Amino acid sequence: MTLLQNIITGISVGGLYSLYALGIAVVYGVAGIINFAHGYFIAFAAYVLLALAGVPVLVAIVCALAAGIAIAVATERGVFRFARGADPGTLLVLAFAVALAIKSLLTLVAGSDTVSTSFGSELAKPLQIGSLSIVWIDLVTIVVAGVMLAGLALLLNRTPVGVQLRAAAEDFTMARLVGVRSNRVMMVAFAVSGLLAGAGGLLLVARSGTLTPTSGLQPVLIAFVAVVIGGLGSLPGAVAGGFLLGGTTVALQVLLPEEIRPYRDAILYTLVIVILTFRPQGLLPSANERSRV
Amino acid sequence: MSRLELSDLHVRYGAVAALRGVDLVVESGTILALIGPNGAGKSTTLLAMAGACEGKVSGRIVFNGNDISLHSPEKRTRAGIALVPEGRRIFTKLSVEQNLTVARAGRADRAEVEVEEIYERFPVLGDFASRQAGLLSGGQQQQLAIGRALMMRPTVLLLDEPSLGLSPKIVEEVFQTVVTLRDEGMTIVLVEQNAKRAAELADVTYVMRHGKLEGKGATAVTEELAQAFFSARGDERTSS
Amino acid sequence: MKIHKQPSGVVVACFAAAMLVLSACSPSGSSASKDEKGPLVIGAAVGLTGVLKDYDGPVLDVVKYSIDQLNAKGGIDGRQVDLKVLDTKSDVARGGQVAQQLIDDGAKIMIVSKDFDFGSPAASVAQKNGMVSISLGAASPKFGVQGIGDKAYSFAPSAGNAGTVLATFCKENGYTKAFTLLDDTLSYTRGVNSAFTKFFTNGGGTVVGTDTFKNDDSSIAVQINKIKAAAPDVLFLASYPPGGASALRQIRAAGIDIPILSGDPFDGTSWNSAVPDLNNFYHTATVSSYKDDADPAVNEWLDKYSKTTGTTLTNGGGPVVGDTIVQALKLAIEKTGSTDGAKIAAVWNTFTDQPFLTGTVTFTPQAHIPLNSPLRIIKYTNGKPGYIKTVTPSVPASITDGIG
C-alpha cells in the first residue's frame, strides 16, 4: 500500500514537473529562447490568484490562468519580438532581464516576504480507500496534468494553428515559406506556455499555500533540467523528462538510507549528468536539432 | 500574369558577397533555368526571391508591378511565390497530410485548397496521407515538397535542386511534373545541378558564376556544359 | 552580473590589504579618544535591498525607533546618537567595503546583518578597528569570539538555546517519543535540529524517527508516511516559512494532530492562511507580538511603538531585539564613558541574567550570544497564535550547540 501511495506521489510530482517543463519546451521549440522568465510567469499567475482572495474560486482560477497567458504574451510582444533572430546568448540575457523585471514588480507590489492563502488547503487532505490514502491534491495534479497534456496534444495535432506551431518548431524559416505568420505562431507558443505557467502556478499554491516572489525559481530550474534530459526542443521529451525527474526525486526520498538522504538532490543531479554523458542529445531528442542564426 | 523582376540584386553573407548585381526578368508561363557551378549564387537568388535569404540583401525585387523587396516570406507566399527548397525541408514530424494542410496558411484567399487535388497529381501521397513525412522515400519527399508548394496556389514556383539525391527514373518524373505545371500556366524558376537536362526543359537558361549572370541561351549553356564536363571530377567531390 | 561582482571583490581585497597596513601602523582603540563631544555615530552595514531586506529591515526599524526615543530623552551619556545606515544590497562581498565607509564617516559602533554569513565581513572590519559589532539577530553561535573576534556580539538567542528550550518544553509536557523532520536547506535549521535532538535524548526522550526535506519540495507525502509509521507523540519541525508552512499544512491535512514544535522563524502571521485552523503548534519567540506577553513592559512597548510609528511589527516579536541592542549600548557606554570596543566588551562580558525587554541575557568572555535565556512559547489554537509560557532551559546549552 505504501508502495502504491509513493507511486501516486511520484506520478503527481512528475506531472507537475512536466507542466513546468512543457512551458519551457514550447517556447524553446518555436522561438529558440531558453525562457528563464517562465518561473516568474508561474509566480505572477499565483500572485494574481492570491490577490483575488474573496472572489468566487472559479473566477479567481480563470483570472490566474488568464494572467499567466497575458504576461507571457506581453513578454513576447514587448521584448522578444524586437530581438527575433538574435543569437541565443542575447536571448538568454533578455530572458534573465524579464525574469528580474517580473520579480521586482512582484516584490514592489506584494513585498518579498511570504504571503499565504487557504486556497487548496482542503485538497491537502487524504482520500481514504481502504488502507490506501491518497492526498487529494495529488489526484488533482494528475488530472490537471493529464488534461493539459491531452489538450496540448489535441491542439498540436488536430488544429491548424497547432500544426503550424509544430511546423514552426521543426523549421521556422520553412514554416514562414509556406505562409505561417511568424508573429502569430510566436504569440500562440507564448500563450500556450503562459497557460501552462498559470496551471503550474495554481497547483503550486494549492500545494504549498505559501508564495514568495522567488517561488518560481525552483520550478524553472526543474523545468530546465527536465527539458535538457528529454532533449531540447522535443515536447514529448519535456514530458518524459518531467516525469523522470519527479519520479526519481520521490524514489530517492523513499529508497535512500537516512544518512545520505540530505544529499538527495546532489545524487539526483549526478544521475542527470550521467544520463547526459551517455546521451548528450537527451532521451527523446527532436529529429533535427538545428542551430538558429 | 506573373512577372518577376530582379534589378541590381546584391547579397552578402558577412564579408562574402554571394550575389553581385543580378538583373533578371522571369516571364509569365515560362521555365527559367539557372545553371552554373557550386557557389555561383543560384540558391541564394531563389532564397532572395522567396524572402528567406539570411544574408544582407539589397536591390529591387518587383513582382507584378509591386516592389516586394522588403516583404516577409509569408507575405510573399500570399502574393503567389512558392519555394521548393534545396533538400526539400519537409516537416518530418508532421504527417503527409499535415505537411500539405499547413501550407494553407500561404494562400491569399481563405478558400481551402483540397488536398485531393494534390493527391490526384501525386497518388503516392494520398496512399501515405497519415504517415509521418520523415518516413517517406526521397522521391516521395520531393513530391510532397512540390505538393506542399502547390497547396499555396502559387503563380511562381521556385524549385531548388529538385533532382538532388534521386534515382534517374524519379528525376525524370519530377522533371515531367515541372513541364506539366508550366503547360498549365505556372511560371517556374528552376535551379539545377543537372545542367544539360535543365537547359533542355527550360524556355530560357541563364548561366551564373561568381554571383553574376554570365550568359544566356544556347551558346552560354554549351560553354557551361563543356566546362562542367572538364571539371566534372572536381565538381563531384564538392557537390554533395 | 558576474562581471560586475569581480571588481567589487577586488576592491574588498584592496581594502583588506589597506586595513592590514593601517592596523599595523596605528594602535587599535585610538578611535575612541578624538571626538567624544560630538554626536555618537553608530554605523549600520545592513541589507536594505535584496534577500535580507525583510530580515534586516524590521529590526533596523526598531533600532531607529529606540534611538529616537533615547535622543528625545537626551541621548547616551549626554550625546545625541546618529545612526548612519549604508546598504550592503545583501551582497556578502560588499559588507566589508560598506563597513569601512561607515568607519571613514566616523562610526564608532557597527551594526551588521541578521545572519552570520552576511554579517561577518562587516563585523570583521569593525573588529580590526577595535570596535564592537552587533548582529541584528544572528542565531549562529559562530557569531562572536569563535567566528569573528572578541568584540562581536549577537543579542538573539542561539539556535542551541532554542533547541534546549524546546527539549525542556517536551519534558515539562511529558512528550517522550519525538520525530524530527529536518529541512536541511539552512545551517540554522540543521543547528536547531541537532541541538534539540541532543537535549531531548539527554533528557530521557527517544527519537523514534527522523527524515529530511527541502524548503521548496513540492510534496512531503513520503515523509508523512514515515511519520505515521513511527507513531511519535511529538513532531519537531526544523524549518521556516514558506516551505515549513507548506509542510505543516500537509502534515495537519494528513490527519497527524500530535503537537508540533518549531523555532523562531515561524514567529509572525504571514504564513498563517496556508494552515487554516491550526492547532497544537508551538514555536519559540523573542517576545510575543500579540500584546499578551507575560511581561507588561513588552505590551506597553508594542503599544507605544505602533502609536509613535503608525506601523505594527509584521513578522512577530523578533525585531524587538533591536531595542535590546540599543539599551545594551547605552548601558555600556554610560558605564565606561567610552565607545572603545574593548571597554564595551568588558562590560558586556559580565552580563549575568541582565534584564532586557526581550528577556535576560548572559554573556561570558567566550559566549557572545545568549545560550540559555528563557524563551517565550507561542501556541496556535484554531489558527490563532498566543503566548502560553516562558520556558527556562533545564539543561544548559554550550557554545558548540546549534552549529549547523
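Each chain gets a letter, A, B and so on, in the order the sequences are listed, and its residues count up from 1. Computed from a prediction, not measured in an experiment: that's the story for all the values here.
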- [ ] Sequence neighbours left out, what passes side-chain contact (heavy atoms from CB on, under 4.5 Å) with A:Val57? Give chain and number order.
- [x] A:Ile61, A:Phe119
- [ ] Output every pair passing ring-ring contact (aromatic ring centres under 6.0 Å, His included) with a member in residues 236-261 of chain C, not counting sequence neighbours, ordered by first then second residue.
- [x] C:Phe196-C:Phe236
Open item on the list: Counting only non-hydrogen atoms closer than 4.5 Å, does C:Pro241 touch chain A with its backbone (N, CA, C, O), its side chain (CB onward), both, or neither?
Closed with: both
Open item on the list: Quick check on A:Ser133 against chain C: is it the side chain, the backbone, both or neither that has a heavy atom closer than 4.5 Å?
Closed with: side chain
Task: Heavy-atom contacts under 4.5 Å, residues 202-215 of chain A to chain C - done: A:Val205, A:Ala206, A:Arg207, A:Ser208, A:Gly209, A:Thr210, A:Thr212
Task: Per-residue contact mode, A:Val254 against chain C (heavy atom under 4.5 angstrom) - done: both
Task: Centroid-centroid distance, C:Tyr65 to C:Tyr305, less than 6.0 Å - done: yes
Task: chain C contact via A:Glu122 - which portion, at a heavy-atom distance below 4.5 Å - done: neither
Task: Option passing side chain to side chain donor-acceptor pair (under 3.5 Å) with C:Tyr380 (candidates C:Asn280, C:Asn272, C:Asn279) - done: C:Asn272
Task: Structural part of C:Asp211 lying under 4.5 Å from a heavy atom of chain A - done: both
Task: Pairs of heavy atoms under 4.5 Å with chain A: top-ranked of C:Val275, C:Leu182, C:Thr185, C:Asp217 - done: C:Asp217
Open item on the list: Regarding C:Asp87 and C:Thr49, do their side chains bring together a donor and an acceptor under 3.5 Å, going by distance alone?
Closed with: yes
Open item on the list: Less than 4.5 Å to any heavy atom of chain A: does that hold for the side chain of C:Asp216, its backbone, both, or neither?
Closed with: both
Task: No-hydrogen, no-angle side-chain donor-acceptor test under 3.5 Å, C:Asn225 and A:Thr2 - done: no
Task: chain C contact via A:Glu258 - side chain, backbone, both or neither, heavy atoms under 4.5 Å - done: side chain
Task: Residues in side-chain contact (heavy atoms from CB on, under 4.5 Å) contact with C:Val85, at least two apart in sequence or another chain - done: C:Ala44, C:Val46, C:Leu48, C:Leu60, C:Lys64, C:Leu83
Task: Contact winner vs chain A - C:Ala221, C:Gly243, C:Pro276, C:Ala247, heavy-atom pairs under 4.5 Å - done: C:Pro276
Open item on the list: Is A:Thr9 in contact with chain C via its backbone, its side chain, both, or neither, using a 4.5 Å heavy-atom distance?
Closed with: side chain
- [ ] Step by step, work out the side chain to side chain contact (heavy atoms under 4.5 Å, CB included) result for A:Ile34 and A:Leu91.
- [x] CA-CA 8 Å; A:Ile34 295 171; A:Leu91 292 173; over 6 Å; no
- [ ] Evaluate the criterion side chain to side chain contact (heavy atoms under 4.5 Å, CB included) for residue pair A:Val98 and A:Leu94; output intermediate values, then yes/no.
- [x] CA-CA 6 Å; A:Val98 171; A:Leu94 264 180; 5.5 Å; no
TODO: Consider only side-chain N and O atoms of C:Asp183 and C:Asn215, and report whether a donor and an acceptor are under 3.5 Å apart.
DONE: yes
Open item on the list: Is the distance between the ring centroids of A:Tyr20 and A:Phe224 under 6.0 Å?
Closed with: no
- [ ] Could you have a look at A:Gly111, A:Pro126, A:Gly10, A:Ser121 and say which one has the most heavy-atom pairs with chain C under 4.5 angstrom?
- [x] A:Ser121
